Trainee: 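Before we start, here is the structure in question, set down as C-alpha cells.
Numbering of ligands and ligand atoms starts at 1, following listing order. All values derive from a computational prediction rather than experimental measurement.
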Amino acid sequence: MKEKAYRYKISAAGRVNLIGEHVDYCGGKVLPCALSLTNTVWARPNGENVIRLRWTDLPDEVTLDLDRLDEYRDLKHAKYHAGCAALWRAAGHRTVGCDLLMDCTVPFGSGLSSSAAIEVSTIAALATVAEEPFDPVEVALIAQKAEHEYAGVHCGIMDQFASANGKAGHAILLDCSTLEKEYIPVDLRGCTLVIADCKKPHSLVESKYNERRKEVETALCLLQRRIKAESLSEVRPYQLEEYRTLLPPVLYRRAKHVVEECDRVHRAAQYLREGDIPAFGELLNASHASLGNLYEVTGKELDSLAHAAQSHPACLGSRMTGAGFGGCTVSVVRKKDVKDFKRFVATQYARETGYQAVFYDSEIADGIVVEELEDHAQPQSAQI
Ligand code: GLA
C-alpha cells in the first residue's frame, strides 16, 4: 500500500552546556547551546484515534491509543512519546491521531540530550499536526515532566529548554529559577568548540544523578537554619564558608560546587559578551575541576579526556558537559589547530583508558524547527 505523504517535518535539538553544570535544579543560571544534532519527526495526521510510531533505525512499529496513553510506561522507546502525549493532553491541548517517523542524529548516551530532543520534538509534532500554535517554554516544561514521570530522572529544565529555545550561533544564558533568558552570541575569536565523547559505557547515571539532587536538597535544608535562601543558587560563597559546620563534609563539598559554579557562570557570560575567550576558557577548566573534586561526577575517563585537552597548547579550556559519569567534554580550541588537537587528545586518551574517543561535528543551531512539506520533500525511501 502506498502511504500518504508526510505533511510536516519537525526537529528539536540536542545541546551542549558551556558552563553551569548541576546547578539548574538548584535555581542557578546555565549557558547551553542547541546543536545541529537533532531528533527529527516526520508527521502526518492519520484520521484515527492512535499515534503510530516508527523509527528510521529500528524495525519496531508501535501504536498508542490516544485514550489509553497512560498504559505504555513499560515500553522501551515509546514510553517517552506516550508520556509526552499524555502530559500534553492533560495540560489541555488538543491531540489528533497521527503517524510519526523518528530520525535521531543526537548520539544516545552521550550526554548531549537525545532524550530531551526526542521529547521536545514529539510534543512540537503533536501540536503541529493538531494545527495548534505552541509556546516553546511550555513544550520544554512538559517534556521535563515526561522525563521525571516516565524516565524516572529528576532532571532540571536546562536540556529541554535548550532543545526547544536554542538560537543558531548563540548560547542561552538561562535563569533556571525564573526561566528568563538572554541569548549571547558565541564569537570565540578564532576558536571553535570541539565536542568529544569518552565512549565509556554508561552505568547508574540516573540513580547517581538523583542521589546528587537529594544531597543538595538536604544541604539547602540544613543551611536554611541560618541563611534565608529559597535555593542553593542564592547562597553566596562567603555565606557557605561562614556556616560550613552546619553540613557534613560530603554535603559541604556538593554545596561548594554549586555556589561557586553559579559564580563562574556569571563571570563566564560576561567574558563571552566581552570576547575575553582566554578568561572564559579558564573558567571551563575550573568548572571541570570542581565537578571532579567536589561534585564527584567526572570519573577516570572524563578526567583523562579533559586533562588531555587542557594540556594541548591550542586549547583554551575544556570540561565535561551534561550529567557526567560518562558522556562528552566540550573544549575551546584554536580553529587552525583542531586537527592536531583531535589527534593528540585521541592518542593520549586511548593510551590512558583503552577507549577510543569520538568527536562530533556540530554547529550551534535553532531549537525547534517546523517545516510544512511539499509532496516531493519526503524522507528517503530507505528511511521509511
Ligand atoms: C542532565 C540534566 C540537566 C542538568 C545536567 C547537569 O543533563 O538533564 O537538567 O542537571 O544533567 O547540569
Side-chain angles (χ1 to χ4, degrees), residues 12-35 37 39 80 83-84 106-120 137 140-166 171-177 179 181 195 197-198 202 204-217 231-233 254-255 257-262 264-265 268 283-284 287-288 290-292 294-299 302 306 319-330:
R15 65 97 191 89
V16 64
N17 186 24
L18 299 183
I19 195 162
E21 216 64 86
H22 285 282
V23 299
D24 61 346
Y25 51 82
C26 300
K29 289 189 183 174
V30 293
L31 195 63
C33 305
L35 295 174
L37 299 167
N39 188 66
Y80 292 90
C84 287
V106 190
F108 295 115
S110 61
L112 299 178
S113 294
S114 53
S115 63
I118 291 168
E119 291 149 358
V120 167
V137 176
L141 288 166
I142 302 263
Q144 180 197 23
K145 209 167 169 200
E147 187 79 28
H148 290 184
E149 294 184 14
Y150 290 79
V153 182
H154 296 281
C155 63
I157 187 61
M158 170 171 75
D159 303 348
Q160 291 77 10
F161 195 96
S163 177
N165 296 278
I172 313 166
L173 179 63
L174 171 67
D175 182 330
C176 298
S177 52
L179 297 189
K181 63 176 184 319
I195 298 172
D197 192 335
C198 76
H202 270 221
L204 300 174
V205 181
E206 288 85 3
S207 63
K208 287 187 190 157
Y209 182 91
N210 292 343
E211 178 187 291
R212 290 295 178 281
R213 236 196 123 141
K214 283 217 188 79
E215 286 171 340
V216 288
E217 276 161 18
S231 66
L232 210 45
S233 63
R254 306 293 189 250
H257 164 74
V258 172
V259 300
E260 292 181 352
E261 182 79 350
C262 288
R264 278 190 286 272
V265 175
L283 291 173
L284 300 197
S287 170
H288 184 88
S290 176
L291 287 157
L294 302 176
Y295 219 66
E296 296 177 275
V297 293
T298 53
L302 282 173
R319 60 182 287 279
M320 56 149 273
T321 184
F325 312 107
C328 287
T329 56
V330 58

Trainee: Relative to the heavy atoms of Ala323, which atoms of ligand 1 are at a distance of less than 4.0 Å?
Mentor: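 Answer, ordered by atom number: 1 (C), 7 (O), 11 (O).
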Trainee: Quick one: does any side-chain atom of Ser233 pair with a main-chain N or O of Cys26 as donor and acceptor, under 3.5 Å?
Mentor: yes
Trainee: Is there a side-chain contact (heavy atoms from CB on, under 4.5 Å) between His154 and Lys214? Walk through the geometry before answering.
Mentor: CA-CA 10 Å; His154 296 281; Lys214 283 217 188 79; over 6 Å; no
Trainee: List ligand 1 atoms under 4.0 Å from Tyr25, heavy atoms only on the residue side.
Mentor: 10 (O)
Trainee: Glu21 side chain to Gly322 main-chain N or O, any donor-acceptor pair under 3.5 Å?
Mentor: yes
Trainee: I'd like to check which ligand 1 atoms, numbered from 1 as shown, lie under 4.0 Å from a non-hydrogen atom of Cys155.
Mentor: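 Near Cys155, the atoms of ligand 1 are 2 (C), 8 (O), 9 (O).
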Trainee: Please state which protein non-hydrogen atom is closest to atom 3 (C) of ligand 1 and give its distance, to 0.1 Å?
Mentor: Asp24 OD2, 3.3 Å
Trainee: I need the atoms of ligand 1 closer than 4.0 Å to a non-hydrogen atom of Gly156, numbered in the order shown.
Mentor: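 Those qualifying, in numeric order: 9 (O).
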Trainee: What is the minimum heavy-atom distance between Asp175 and Gly27, and which atoms define it?
Mentor: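 Closest pair (atom of Asp175, atom of Gly27, distance): OD1-O, 4.0 Å.
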Trainee: Does any donor atom in the side chain of Arg319 or Ser287 lie under 3.5 Å from an acceptor atom in the other side chain?
Mentor: yes
Trainee: Numbering the atoms of ligand 1 from 1, which are under 4.0 Å from a heavy atom of Gly322?
Mentor: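 What qualifies from ligand 1 is 6 (C), 11 (O).
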Trainee: Does any part of the side chain of Phe161, heavy atoms only, come nearer than 4.5 Å to the side chain of Lys181, both counted from C-beta?
Mentor: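 Side-chain contact under 4.5 Å: yes.
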Trainee: When you compare ligand 1 with Ile157, is there at least one nitrogen or oxygen pair between them that comes in under 3.5 angstrom?
Mentor: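 In this structure, Ile157 places no N or O atom under 3.5 Å from an N or O of ligand 1.
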Trainee: Looking only at distance, does Tyr209 have an N or O less than 3.5 Å from an N or O of ligand 1?
Mentor: yes
Trainee: Can a non-hydrogen atom of Arg213 be found less than 4.0 Å from any atom of ligand 1?
Mentor: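 No, Arg213 has no heavy atoms under 4.0 Å from ligand 1.
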Trainee: Looking only at N/O atoms, are Arg15 and ligand 1 under 3.5 Å apart anywhere?
Mentor: yes
Trainee: Polar contacts were defined as any N/O atom of the residue lying under 3.5 Å from an N/O atom of the ligand; does this apply to Asp159 and ligand 1?
Mentor: yes
Trainee: Going by side chain to side chain contact (heavy atoms under 4.5 Å, CB included), name the residues that satisfy it together with Val23, two or more places apart in sequence or in a different chain.
Mentor: Val30, Val258, Glu261, Cys262
Trainee: Taking only heavy atoms of Met158 into account, list the atoms of ligand 1 that are under 4.0 Å away from them.
Mentor: 4 (C), 5 (C), 12 (O)
Trainee: Quick check: does any side chain N or O of Ser113 sit under 3.5 Å from a backbone N or O of Gly14, one acting as donor and the other as acceptor?
Mentor: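 The answer is no, because no donor-acceptor pair under 3.5 Å joins these two groups.
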